[in-house]
**Q** 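Pasting a structure here, questions to come.
All of these numbers come straight from a predicted model, not from anything done at the bench. Naming convention: chains lettered A, B, ... in sequence-line order (proteins, then strands); numbering from 1 in each chain.
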Amino acid sequence: MKTRFWLLDVNYEVKNDTPEIWLWGIDESGKRILVVDRNFLDYFYIVIVEGADAEKVVKEIGKAHYPLVERLEVVERKFFGKPVKAIKVYCKNPDVIPKYAKTFRKIEGVKECLEDDIRYSMRYLIDNDVAPCGWHEIEADEEESSALTVRVDKVYTAKSYPNLIEKTEVPPLRILGFSTICYSREGSPKPDRNPLIIISVATNNGEETQFVTDENKNDKPILEAFMNYVRKFDPDIIVGFGLNGQDWPYLNERCKKLRLRLHVDRAGTEPHTSVYGHVSITGRANIDLLDYADEFPEIKVKTLENMADYLGIMKIEERTLIEDVDFADYWDDKAKRETLKKFSMENTRCIMGIAQAILDFAMQLSNLVGLPIDHVGTAAVGFRVEWFLIKHAQKISELVPKRIEQPYRPYVGAIVLKPEPGLHENIAVLDFKSMYPNLMITYNLSPDTYISPKEPPPKSGFYEAPEVKHRFRKEPVGFYKEVLSYLIKVRDEIRSKMKKTAAGSVEYRVLDARQKAVKVITNASYGYAGWIGARWYIKPVAEAATAWGRHTILNAIKMAENAGLKVVYGDTDSIFIKHEPEKIDKLSKEIEEKLGLEVKPDKVYMRIFFTEAKKRYAGLLPDGQLDIVGLEVIRGDWASIAKKVQERVLEIVLKEQSPKKAAKYVQETIYELRQKRIPYRDLIIWKTLTKAPEEYEVKASHVEAAKMLMEKGWKLSVGDKIGYVVVVGTGRLYERVKPYMFASYDDVDMEYYVSKQIAPAAARVLESFGITEEELLGSKVEEKETRKLTDFFGA
DNA sequence: GCAGCCCTATTACCT
DNA sequence: ACAGGTAATAGGGCTGCG
């Protein structure tokens, strides 16, 4: 019978050298199903040396008799666009492939083995055009009494391969979110000594539950209760914040210690860490929302509360936040324990809210890229692009290259113009639409169209990049060009469909998530091309893209100037010019005609302020919004107080055009700070630990703060953000810092924040208007104070 | 011993 | 573990002072 299902998760098992693909899905009636497919043979390729005899290699392998080789097939494929002869080696057991590939490489006439590094489950998805988070139809028999002990409504045996069907909707899914609190007085909790004291769970049917230990902090019962709850609710998706790095490893270890089996999946196995460091829970999708925090660069410190605040789920001001250091105190103090419980439940509520905001995107990304939803989040951008490419390579018979370790060789990038410092009125921004992807399309820049210097020019012609002189065939259409054209076309289609869909409807939301996913992959394509870790890395491809980019913008600038439009700034693919609508209109048309790339008039600033520096400016938009770029306001490594002051200064300067008023405001804030009336949180400075503390060549504040945390038992790792404050004392700056949780307000050195935070941030703007840092430094305010006193005494 | 200079390490931004 | 271009701060080495 035919069955239609939406694919949630995939895994494989090997039984007696026979592999089985397990497709976990939800059918149209909402039943949870498992389809077992035993029909698909795994394989890899042997590439034959040019001119060598493939049949001879086939015979050679046959002679040695490899029992797990099922079949050999001589095929024609392409490798970097060039035709190659290859042998497709079908194997009974996918797990022997790496070993066989290694062995066969040594046979005479064999150039190399390829695609032996593609996992069986991914191979299955790619070859059969099966997409996670998408609908499929399959011919399958129901197993009446399955021998499998799996938690689903129905088990099927596949009789055909699945067929992709067009259907955008997502079936109703059961979603469970949870967060945990551990008890520790010795720094970071460790599973062998510290119990879990609270587990807060919520589900998308509105249920909220807390599992809280007794006075003895005996967590065995609550762990059992939690697992029972999960199995009973039987979620399709489990969400949390920091699940892969924190919760699951901790739960795993803790259960081991308590001699419990961590059983939360649909097949009776334990959660296990898999590719890209994601934790896999068989039959369910385990989604760590922390992985999606990177999609929001505005969130500087990637914490649950910051993310929830940013997404408008729960405002920080409306919460009582409790630091990890204080968990034990809150628990031990009966009066405060309820606050801790409330905090924990709120965390889970935040998780459910964020999940709602992100799941559509995650599903669309998974569906587009082809990686199962639980992998796609943990996979770095480069790998997402790569899987999308691999999926496409299969369709055009292009073999997937091996990842080769390469030395880092830098190349020249984009052009940035020096701005015309100071204030400007009515400035329009003209942007090239997706410049790099479009350049790659226009000039057919691709790994498979590149002509190396030793090759003769092809008859069908070639494009030669300016400056760097790299050549690319005009024909045939390159791999990248094909993929990028498809992405751009699809995104346009989605967006026009969105216009016909009611904004706010479910379909609209899904479409919007889809177009965002497409955009993310499109925009990352140039970066991928220049990434030395890329399987399809060919430096000249990226180098030619930037060369054409420089050529394009320099020409655009020339045209603007010839049209009598002064260019006041520009960066990579944008030019900032005086807003003269008719001239700009004409210019846009000329650029499109002569340079073959689309431009779009972007913003028009009523007023814009440029510093002396590139990449740092602030503009006032017609709706009164400030657009701040590169300045301290948007940097995460400045104290909030300095950022707030600078933002207000910019607002006064741009809206009221009164630098004097701004200066006065700065002096007042400095006064407030010295009076200790500025909240402590506004004085914390956050910096990322980019390597292990001992690897630093020079002493640095955040590293010293990190060391103090580690000494007190806190586990820190590379990538963590360290929050610290500067305290009073002598010596170097790094000798006067403390992790913010360890210092008190009275320790803080206000003069540091005056002279090294507020003053420079404000002066960055105000010095353009003749107000120096010294003037801001509060001397006048102090004078006033002193004068008052002298006046008093003098009277 | 330290101010002043210059260079480098470090971080986080822009497109 | 997508690219290069850029700004800004603090550390650290060195010179030269007296």
**Q** Using a 4.0 Å heavy-atom cut-off across all strands, classify Gly533(A) as base, sugar-phosphate, or nothing.
**A** nothing

**Q** To the nearest 0.5 Å, tell me how far Thr442(A) OG1 sits from Asn438(A) CG.
**A**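 With rounding to 0.5 Å, OG1 (Thr442(A)) is 6.0 Å from CG (Asn438(A)).
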
**Q** In terms of side-chain heavy atoms of Tyr696(A), which of dG4(C), dT11(B), dG5(C) is nearest?
**A**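 The closest nucleotide is dT11(B).
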
**Q** For the side chain of Val698(A), counting heavy atoms from C-beta on, which of dA9(B), dT11(B), dG5(C) is nearest?
**A** dA9(B)

**Q** Can you tell which of dA8(C), dT10(B), dG4(C) lies closest to the side chain of Arg616(A)?
**A**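 Looking only at heavy atoms from C-beta outward on Arg616(A), the closest nucleotide is dA8(C).
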
**Q** Any side-chain N or O of Tyr734(A) less than 4.0 Å from the OP1 or OP2 oxygen of dG12(C)?
**A**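 Yes, within the criterion.
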
**Q** Figure out the CD1/C1' separation between Ile415(A) and dA3(C), and round it to whole Å.
**A** 16 Å

**Q** Nearest to the side chain of Asp637(A) - dA10(C), dA3(C), dA12(B)?
**A** dA12(B)

**Q** Does Thr688(A) put a side-chain nitrogen or oxygen below 4.0 Å from OP1 or OP2 of dT11(B)?
**A**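 So the side-chain polar atoms of Thr688(A) never come under 4.0 Å of the phosphate oxygens OP1 or OP2 of dT11(B).
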
**Q** Which part of the nucleic acid, if any, lies within contact of Lys691(A), taking any heavy atom under 4.0 Å across all strands shown: a base, the sugar-phosphate backbone alone, or nothing?
**A** sugar-phosphate

**Q** Rounding to a whole Å, what distance do you find between Ile575(A):CD1 and dT15(B):C1'?
**A**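 Whole-Å distance recorded here is 15 Å.
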
**Q** Would one find a side-chain N or O of Tyr617(A) under 4.0 angstrom from OP1 or OP2 of dT15(B)?
**A** yes

**Q** Flag the pair Glu704(A) and Arg736(A) as a salt bridge only when some basic side-chain nitrogen lies within less than 4.0 angstrom of an acidic carboxylate oxygen.
**A**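 No salt bridge links Glu704(A) with Arg736(A).
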
**Q** Name the residue closer to the 5' end of DNA chain C, choosing between Arg732(A) and Phe383(A) according to the nucleotide with the nearest heavy atom.
**A** Phe383(A)

**Q** Where the side chain of Thr690(A) is defined as all heavy atoms beyond and including C-beta, which of dG5(C), dC14(B), dT11(B) is the nearest nucleotide?
**A**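 Among the listed nucleotides, the one closest to the side chain of Thr690(A) is dT11(B).
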
**Q** Side chain of Tyr411(A): nearest nucleotide among dG4(C), dC14(B), dT9(C)?
**A**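 The nucleotide sitting nearest to the side chain is dG4(C).
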
**Q** Does Lys615(A) make a side-chain N or O approach to OP1 or OP2 of dA8(C) shorter than 4.0 Å?
**A** no

**Q** At under 4.0 Å between heavy atoms, what does Val629(A) touch on the DNA or RNA strands: base, sugar-phosphate, or nothing?
**A** sugar-phosphate

**Q** When the ring planes of Tyr569(A) and Phe610(A) are compared, do they come out parallel, tilted or perpendicular, using 30° and 60° as the limits?
**A** tilted

**Q** How many Å lie between OH on Tyr526(A) and P on dC14(B), as a whole number?
**A** 18 Å

**Q** Heavy atoms only, 4.0 Å cut-off, all strands: where does Gly530(A) land among base, sugar-phosphate and nothing?
**A** sugar-phosphate

**Q** Determine, using ring centers only, whether Phe383(A) and Trp531(A) are less than 6.0 Å apart.
**A**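 Here the rings of Phe383(A) and Trp531(A) have centres that are less than 6.0 Å from each other.
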
**Q** Of the listed nucleotides (dA8(C), dA3(C), dA1(C)), which one gets closest to any side-chain atom of Ala380(A)?
**A** dA1(C)

**Q** Quick one: is Lys687(A) getting a side-chain N or O under 4.0 Å of the dT9(C) phosphate, OP1 or OP2?
**A**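 Indeed not, no polar side-chain atom of Lys687(A) lies that close.
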
**Q** Just compare dA10(C), dT10(B), dG11(C) and give me whichever is closest to any side-chain atom of Tyr752(A).
**A** dA10(C)

**Q** Identify whether the distance between the nearest side-chain nitrogen and carboxylate oxygen of Arg384(A) and Glu295(A) falls below 4.0 Å.
**A**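 The answer is yes: the pair qualifies as a salt bridge.
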
**Q** Nearest-Å distance, NZ (Lys721(A)) to P (dA12(B))?
**A**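 Checked: the NZ to P distance equals 5 Å.
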
**Q** Classify Ala542(A) by what it touches in the nucleic acid, base, sugar-phosphate, or nothing, heavy-atom distance under 4.0 Å.
**A**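 The residue Ala542(A) makes no contact with any strand.
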
**Q** Picking from dA7(C), dT9(C), dA1(C), which would you name as closest to the side chain of Arg764(A)?
**A**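 Looking only at side-chain atoms, Arg764(A) lies closest to dT9(C).
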
**Q** Rounding to a whole Å, what distance do you find between Leu631(A):CG and dT9(C):P?
**A** 12 Å

**Q** Between Arg616(A) and Gly630(A) (side chain of the first, backbone of the second, donor and acceptor by atom type, cut-off under 3.5 Å), is there such a pair?
**A** yes

**Q** Taking atom C1' of dA3(C) as reference, at what distance in whole Å does atom CD of Gln406(A) sit?
**A**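 Roughly 15 Å, once rounded to whole Å.
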
**Q** Using the closest heavy atom to pick a nucleotide of DNA chain C for each, name whichever of Glu697(A) or Glu632(A) lands nearer the 5' end.
**A** Glu632(A)

**Q** Nearest whole angstrom, please: distance from the P of dA12(B) to the CD1 of Ile722(A).
**A** 11 Å

**Q** Among the nucleotides dA12(B), dA1(C), dA9(B), which one has an atom lying closest to any side-chain atom of Trp531(A)?
**A**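 Of all the options, the side chain of Trp531(A) is nearest to dA1(C).
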
**Q** Could you tell me the separation between the OH atom of Tyr436(A) and the P atom of dC14(B), rounded to a whole number of Å?
**A** 16 Å

**Q** Does the plane of the ring in Tyr605(A) sit parallel, tilted or perpendicular to the ring in Phe576(A)? Use 30° and 60° as the thresholds.
**A** parallel

